[in-house]
**Student:** 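I have a structure I would like to understand better, so I am pasting it below and will then ask my questions one at a time.
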Amino acid sequence: MAKTKELSKDTRNKIVDLHQAAKTESAIELDIFGIILYSVLTFMAVVSMLVYIEECWYIYRKVPSNKKSAIIWVNGAAPVIGTMSCLGMWIPRATMFTDMTSACYFAIVVFKFLVLMIEEVGGDEAFLRRAGRNKLKISTGPCCCCCCLCLPYVNITRRSLFLLKLGSFQFALMKVVFTILSVILWTNGNFDVTDTAVTGASIWISLGVGVLTIIALWPVAIMFMHLRTTLRSLKIIPKYAMYQLVLVLSQLQSAIINILAMMGTIACTPPYSSQARGYLMSQQLLILEMFIITLVTRLLYRRQYEPLPDDEHDDDHTKIGLSVERTLA
C-alpha cells in the first residue's frame, strides 16, 4: 500500500510538471520591445483583413458576377495568410493548424487564379473563340522549363481547357483531403510535422502534397504564358507576380526556416526552443510580408472591370504577340 501511494504521488507530480511545462511552452513572455513588436504586427494583420473586407464590398458592387468569386478568392490570399500567422504568433501551440488553414486556402487560390485569367478574357467560350486558332506551349515551369523543352505545342480545345482546370482543381481538393487526414493522424498520435523518418506519416504526406503542388502550378503557368500579352492592359503580369510571391513566401520561405530550426541552426531563446523560435520568426515575417502584398494587390485589382475588345479591335501590341505565337506554333 505504501509503495502504491508513493507511486501515485510520483505520478501526480509528473502530471503537474508536464502541465506546467506545457503552460510555459505556450506562454508568451514579452518585454517592452516584444509588446511593441506584437502590437504592430497585430495591427498590420487587422488592417490587412479590414482592407480585404472593404475590397470584397467594392468587388461585390462593381464587378461582373462571373468574376466576383475568383477575384475575391485571389485577393484574400495575403490577408488570410497574414491573419493565420497572427493567430499562430499569439498561440504558438496552434501553429500546425494555422499553417494547414493557410495552405488549404492557397490551394484554392491556385485554381481560382487560373479561372480568373480565363474569365478576364470572357469565359470558356470567349477563350476558345479567341485562342482556338493558336496552340498552347506546355514546356513551361515549374515542371518542364528545363528538362522538357522539346514538348510539342498543344491545340486549344475544350478537352485541353478541361485538363488545365482539372490539373489545378485536384490540388484544391486533395490538399483539403490530406489536411483532414493529417489532423486525424495527429489526434491518434501518428502525425508529427517534425518527424522526418521514412516510417513517419509526415514525410509521405509532405511529399505527396509537393508533387500535387507542382502539377497544379503547371496549368496556371501555361495559361499565363499564353494570355500574358492579351491581358497586359489588365495588369496580369504584376498580378501573377503577386500570386507567385505569396506562393514563395508562404510555402518556400516557411519551409526553409522550419528546416533550419529543426537542424538547430536557429539558436534557442528561453522559453522558446530552436524549433518554436523558428516557427515564431516565420509567422512574424509572414505578417509583415502579407500586409505589404495586401496593399499592392488592392491597387492592382481596384479598377473598372470592362470586357476586353474583340480580336479585330485589339491593339497593335496584342496583334503582334498573337501573330508571333502563331508563327512559333
Side-chain angles (χ1 to χ4, degrees), residues 39-86 101-103 105-123 127 141 168 217 220-221 223-254 283-309 314-315 317-318 321:
S39 300
V40 172
L41 293 176
T42 303
F43 175 76
M44 288 182 177
V46 172
V47 170
S48 297
M49 187 54 64
L50 292 177
V51 169
Y52 173 59
I53 294 174
E54 188 272 338
E55 187 68 13
C56 289
W57 176 246
Y58 174 84
I59 293 170
Y60 180 78
R61 292 186 297 112
K62 300 291 185 179
V63 177
S65 58
N66 61 321
K67 301 179 184 178
K68 285 181 181 179
S69 174
I71 295 176
I72 288 175
W73 275 98
V74 173
N75 269 269
V80 169
I81 294 175
T83 302
M84 290 297 102
S85 298
C86 184
T101 304
S102 298
Y105 187 93
F106 189 77
I108 301 174
V109 169
V110 172
F111 172 68
K112 288 295 183 178
F113 193 85
L114 175 65
V115 174
L116 174 61
M117 288 190 289
I118 297 174
E119 292 298 336
E120 289 284 23
V121 178
F127 172 75
S168 292
L217 295 177
V220 180
M223 187 62 67
F224 170 74
M225 294 298 293
H226 185 76
L227 294 178
R228 69 185 189 279
T229 303
T230 305
L231 300 179
R232 186 181 296 273
S233 61
L234 303 183
K235 301 179 181 178
I236 193 62
I237 295 178
K239 289 177 182 177
Y240 185 76
M242 289 298 104
Y243 151 81
Q244 290 282 351
L245 190 58
V246 173
L247 169 67
V248 171
L249 294 177
S250 63
Q251 305 298 321
L252 186 59
Q253 173 186 271
S254 299
Q283 307 301 327
Q284 292 173 347
L285 284 173
L286 280 176
I287 294 173
L288 174 60
E289 293 159 352
M290 295 303 118
F291 172 72
I292 298 173
I293 292 176
T294 299
L295 299 181
V296 176
T297 303
R298 182 183 183 277
L299 296 176
L300 293 175
Y301 287 90
R302 192 85 168 194
R303 63 174 180 82
Q304 294 294 328
Y305 286 84
E306 298 177 354
L308 285 176
D314 285 349
D315 53 41
H317 187 71
T318 301

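Here the structure is a predicted model, which means the values were calculated and not measured. Only this structure's heavy atoms are used, side chains among them; waters, hydrogens and symmetry mates stay out.
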**Student:** What pairs with Glu54 under side chain to side chain contact (heavy atoms under 4.5 Å, CB included), at least two apart in sequence or on another chain?
**Tutor:**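 Glu54 satisfies side chain to side chain contact (heavy atoms under 4.5 Å, CB included) with Arg298, Arg302 once adjacent residues are dropped.
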
**Student:** Test of understanding: with side chain to side chain contact (heavy atoms under 4.5 Å, CB included), list the residues that count as partners of Thr42, not counting sequence neighbours.
**Tutor:**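 Once residues adjacent in sequence are excluded, the partners of Thr42 under the side chain to side chain contact (heavy atoms under 4.5 Å, CB included) criterion are Val46, Cys86, Met89, Trp90.
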
**Student:** Kindly write out the residues that satisfy side-chain hydrogen bond (donor to acceptor under 3.5 Å, both in side chains) with Ser39, not counting sequence neighbours, or none if the list is empty.
**Tutor:**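 With sequence neighbours excluded, Ser39 shows a side-chain hydrogen bond (donor to acceptor under 3.5 Å, both in side chains) to no residue whatsoever.
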
**Student:** Can you name the ring-ring contact (aromatic ring centres under 6.0 Å, His included) partners of Tyr52, sequence neighbours left out?
**Tutor:**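 Result, ring-ring contact (aromatic ring centres under 6.0 Å, His included) vs Tyr52: none returned.
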
**Student:** Kindly give the heavy-atom pair with the smallest separation between Ala45 and Thr83, and that separation in Å.
**Tutor:**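 Looks like O-OG1, 4.2 Å.
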
**Student:** Compare all side-chain heavy atoms of Tyr105 with those of Val109 and state whether any distance is below 4.5 angstrom.
**Tutor:**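 Yes, close enough: below the 4.5 Å cut-off.
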
**Student:** Show the atom names and distances, to 0.1 Å, of all donor-acceptor pairs under 3.5 Å that link a side chain in residues 284-297 to residues at least two apart or in another chain.
**Tutor:**
| from | atom 1 | to | atom 2 | distance (Å) |
| --- | --- | --- | --- | --- |
| Glu289 | OE1 | Gln253 | NE2 | 3.0 |
| Thr294 | OG1 | Met290 | O | 2.7 |
| Thr297 | OG1 | Ile293 | O | 2.7 |

**Student:** Would you call the rings of Phe113 and Tyr240 parallel, tilted or perpendicular if under 30° counts as parallel and over 60° as perpendicular?
**Tutor:**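 Plane angle between 30° and 60°, so tilted.
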
**Student:** Within a strict 4.5 Å, meaning less than it, do heavy atoms of the Met223 and Phe127 side chains meet?
**Tutor:**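 In contact.
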
**Student:** Determine whether Leu116 and Tyr301 make a side-chain contact, defined as any pair of heavy atoms from C-beta on separated by less than 4.5 Å.
**Tutor:**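 Yes, at least one pair of side-chain atoms sits under 4.5 Å.
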
**Student:** Would you give the length of the straight line joining atom CG of Asn66 to atom CD1 of Ile71, rounded to the nearest 0.5 angstrom?
**Tutor:**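 Asn66 CG to Ile71 CD1: 8.5 Å, rounded to 0.5 Å.
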
**Student:** Rounded to the nearest 0.5 Å, how far apart are CZ of Phe106 and NZ of Lys112?
**Tutor:**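 Reported value, rounded in 0.5 Å steps: 14.5 Å.
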
**Student:** Can you check whether Val115 reaches Trp73 side chain to side chain, under 4.5 Å on heavy atoms?
**Tutor:**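 When only atoms from C-beta onward are counted, Trp73 and Val115 do not touch, as no gap falls below 4.5 Å.
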
**Student:** Would you check if the side chain of Lys68 reaches a backbone N or O of Tyr60 as a donor-acceptor pair within less than 3.5 Å?
**Tutor:**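 Indeed, once roles are kept as given, a pair shorter than 3.5 Å links the two residues.
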
**Student:** Can you name the side chain to side chain contact (heavy atoms under 4.5 Å, CB included) partners of Gln251, sequence neighbours left out?
**Tutor:**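 Partners of Gln251 under the side chain to side chain contact (heavy atoms under 4.5 Å, CB included) test: Ala103, Leu247.
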
**Student:** When rounded to the nearest 0.5 angstrom, what distance separates CG in Leu231 from CD1 in Ile118?
**Tutor:**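 Rounded to the nearest 0.5 Å, the CG-CD1 separation comes out at 10.5 Å.
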
**Student:** Under the rule for side chain to side chain contact (heavy atoms under 4.5 Å, CB included), what residues qualify as partners of Leu252, not counting sequence neighbours?
**Tutor:**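 With sequence neighbours excluded, Leu252 shows a side chain to side chain contact (heavy atoms under 4.5 Å, CB included) to Val248, Ile256, given in chain and number order.
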
**Student:** Are Ile237 and Phe224 packed together at the side-chain level, in the sense that at least one heavy-atom pair is separated by less than 4.5 angstrom?
**Tutor:**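 Ile237 vs Phe224: side chains touch.
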
**Student:** So Asn75 and Cys56, do their side chains get closer than 4.5 Å, heavy atoms only?
**Tutor:**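 No, too far: nothing below the 4.5 Å cut-off.
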
**Student:** Would you say Lys239's side chain and Met117's backbone share a donor-acceptor pair under 3.5 angstrom?
**Tutor:**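 Pair absent, no side-chain N/O of Lys239 close to backbone of Met117.
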
**Student:** Who pairs with Ser254 by side-chain hydrogen bond (donor to acceptor under 3.5 Å, both in side chains), at least two apart in sequence or on another chain?
**Tutor:**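 For Ser254, the residues satisfying side-chain hydrogen bond (donor to acceptor under 3.5 Å, both in side chains) (neighbours in sequence not counted) are Ser282.
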
